[in-house]
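Below: the structure, in structure tokens.
We use all heavy atoms of the structure for the numbers below, so side chains are in, but hydrogens, waters and symmetry mates are not. Remember, it's a predicted structure, so these values are computed and weren't measured experimentally. In what follows, chains carry the letters A, B, and so on, assigned in the order in which the sequence lines appear, proteins first and then strands, with residues in each chain numbered from 1.
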Amino acid sequence: MTEIELGRFPSVFARVKGINSKVREYRALIDPVYEYCVIPKGDAYLFGHSEVAFQQMTVGPPNARTLITGGGFNKTVVFEVGSVEIGGLFFEHVEFAAVDLPQQVGFEAVIGKSLLKHASVTLDWEHKLLRISKAS
Amino acid sequence: MSSGHLQEGSESEELTLSQIAGKYKDRWVAIVVTARDANSQPTKGKIVTQDVDRYRLRQSLAKHDEVCIFYTGETPYPLLL
């Protein structure tokens, strides 16, 4: 189990490894409401998912999805990355959506349900601790 | 403070994350992580580049195979995503 200090928002540094072995590490928001984890479109492209550039076409790539967000409908692509590491815990076969969150949010990655369904997460606001472990 | 990308071959100093947040306030920074705590969270790093605009930051990172990117500030607004 990993224990991380809980700030104003539940967040954690997450290392995301693409299928091409490129690595980006983010301070990622933890939000179980998100069906998928999120990384920026530019990083999806960097990880080898060039179809992100064609997601707005009338006939999009087969992994194109329409999502509903606080800002309305959002067309994007969904893909698996190589692996995700959080606090020394490794997760594989995690689906990500390529979405550019507004810069003002201060986060550009989200750990959503596609990873959290493989984990147990406790938000202990009283002791300002976030605990995460892999589901058994 | 303007955007700044470290020149190839030059070496930036190792800073703690709180030092980075103090030196590059309310900016997007990209670092090479040099130290981690027991929970594998970054504690120290060397600045690769920093900018107020994360899209501009990204343009200078394409050749880097591994970097850690984060915003040093905090949104003044309540979040409702």
Same cluster for Phe90(A) and Leu115(A) if Ile/Leu/Val/Met/Phe/Trp/Tyr side chains link at under 4.5 Å? no
Non-hydrogen atoms of chain B under 4.5 Å away: do they reach the side chain of Leu29(A), the backbone, both or neither? side chain
Results of ring-ring contact (aromatic ring centres under 6.0 Å, His included) for Phe47(A) - residues two or more places apart only: none
Output all residues satisfying ring-ring contact (aromatic ring centres under 6.0 Å, His included) with Phe91(A), sequence neighbours left out; order by chain, then residue number. none
Can you list every donor-acceptor pair under 3.5 Å that links chain B to chain A?
from     : atom 1 : to        : atom 2 : distance (Å)
Trp28(B) : NE1    : Gln103(A) : OE1    : 3.2
Arg36(B) : NH1    : Glu25(A)  : OE2    : 3.0
Arg36(B) : NH2    : Glu25(A)  : OE1    : 2.7
Asn39(B) : ND2    : Glu3(A)   : O      : 2.5
Ser40(B) : OG     : Glu85(A)  : OE2    : 2.9
Gln41(B) : OE1    : Phe13(A)  : N      : 2.9
Gln41(B) : NE2    : Phe13(A)  : O      : 3.3
Asp53(B) : OD2    : Gln103(A) : NE2    : 3.3
Arg54(B) : N      : Gln103(A) : OE1    : 3.0
Arg54(B) : NH1    : Leu101(A) : O      : 3.1
Arg54(B) : NH2    : Leu101(A) : O      : 2.6
Arg58(B) : NE     : Asp43(A)  : OD1    : 2.8
Arg58(B) : NE     : Asp43(A)  : OD2    : 3.4
Arg58(B) : NH1    : Glu108(A) : OE1    : 3.0
Arg58(B) : NH1    : Glu108(A) : OE2    : 3.4
Arg58(B) : NH2    : Asp43(A)  : OD2    : 2.6
Arg58(B) : NH2    : Glu108(A) : OE2    : 2.9
Leu61(B) : O      : Arg24(A)  : NH2    : 3.0
His64(B) : O      : Arg24(A)  : NH1    : 3.0
His64(B) : O      : Arg24(A)  : NH2    : 2.9
Asp65(B) : O      : Val23(A)  : N      : 2.7
Asp65(B) : OD1    : Lys22(A)  : NZ     : 3.2
Glu66(B) : OE1    : Arg15(A)  : NH2    : 3.2
Glu66(B) : OE2    : Arg15(A)  : NE     : 3.1
Glu66(B) : OE2    : Arg15(A)  : NH2    : 2.7
Val67(B) : N      : Val23(A)  : O      : 3.4
Val67(B) : O      : Glu25(A)  : N      : 2.9
Ile69(B) : N      : Glu25(A)  : O      : 2.8
Tyr71(B) : O      : Arg27(A)  : NH1    : 3.3
Glu74(B) : OE1    : Arg8(A)   : NH1    : 3.4
Thr75(B) : O      : Arg8(A)   : NH1    : 2.5
Thr75(B) : OG1    : Gln104(A) : O      : 3.1
Tyr77(B) : O      : Arg8(A)   : NH2    : 2.8

Pair Phe70(B) and Phe107(A), ring centroids less than 6.0 Å apart: no
Starting from Phe73(A), walk the hydrophobic network (Ile, Leu, Val, Met, Phe, Trp, Tyr; side-chain heavy atoms closer than 4.5 Å) and list everyone else you reach, by chain and number. Ile68(A)
Top contributor to chain B contacts, counting heavy-atom pairs under 4.5 Å, from Val105(A), Leu46(A), Val110(A): Val105(A)
When the 4.5 angstrom heavy-atom criterion is applied to Val12(A) and chain B, the contacting part is both
If Ile, Leu, Val, Met, Phe, Trp and Tyr residues are connected whenever their side-chain heavy atoms lie under 4.5 Å apart, and connections chain through other members, are Leu129(A) and Leu89(A) in the same group? no
Among Leu80(B), Val67(B), Ile31(B), which has the most heavy-atom pairs under 4.5 Å with chain A? Val67(B)
Do Leu130(A) and Met1(A) share a hydrophobic cluster, counting only Ile, Leu, Val, Met, Phe, Trp and Tyr and linking them when any side-chain heavy atoms are less than 4.5 Å apart? no
Check whether Val78(A) and Val99(A) end up in the same hydrophobic cluster, where Ile, Leu, Val, Met, Phe, Trp and Tyr are linked by side-chain heavy atoms less than 4.5 Å apart. yes
Shared hydrophobic cluster, Val23(A) / Leu61(B) (ILVMFWY, side-chain heavy atoms < 4.5 Å): no
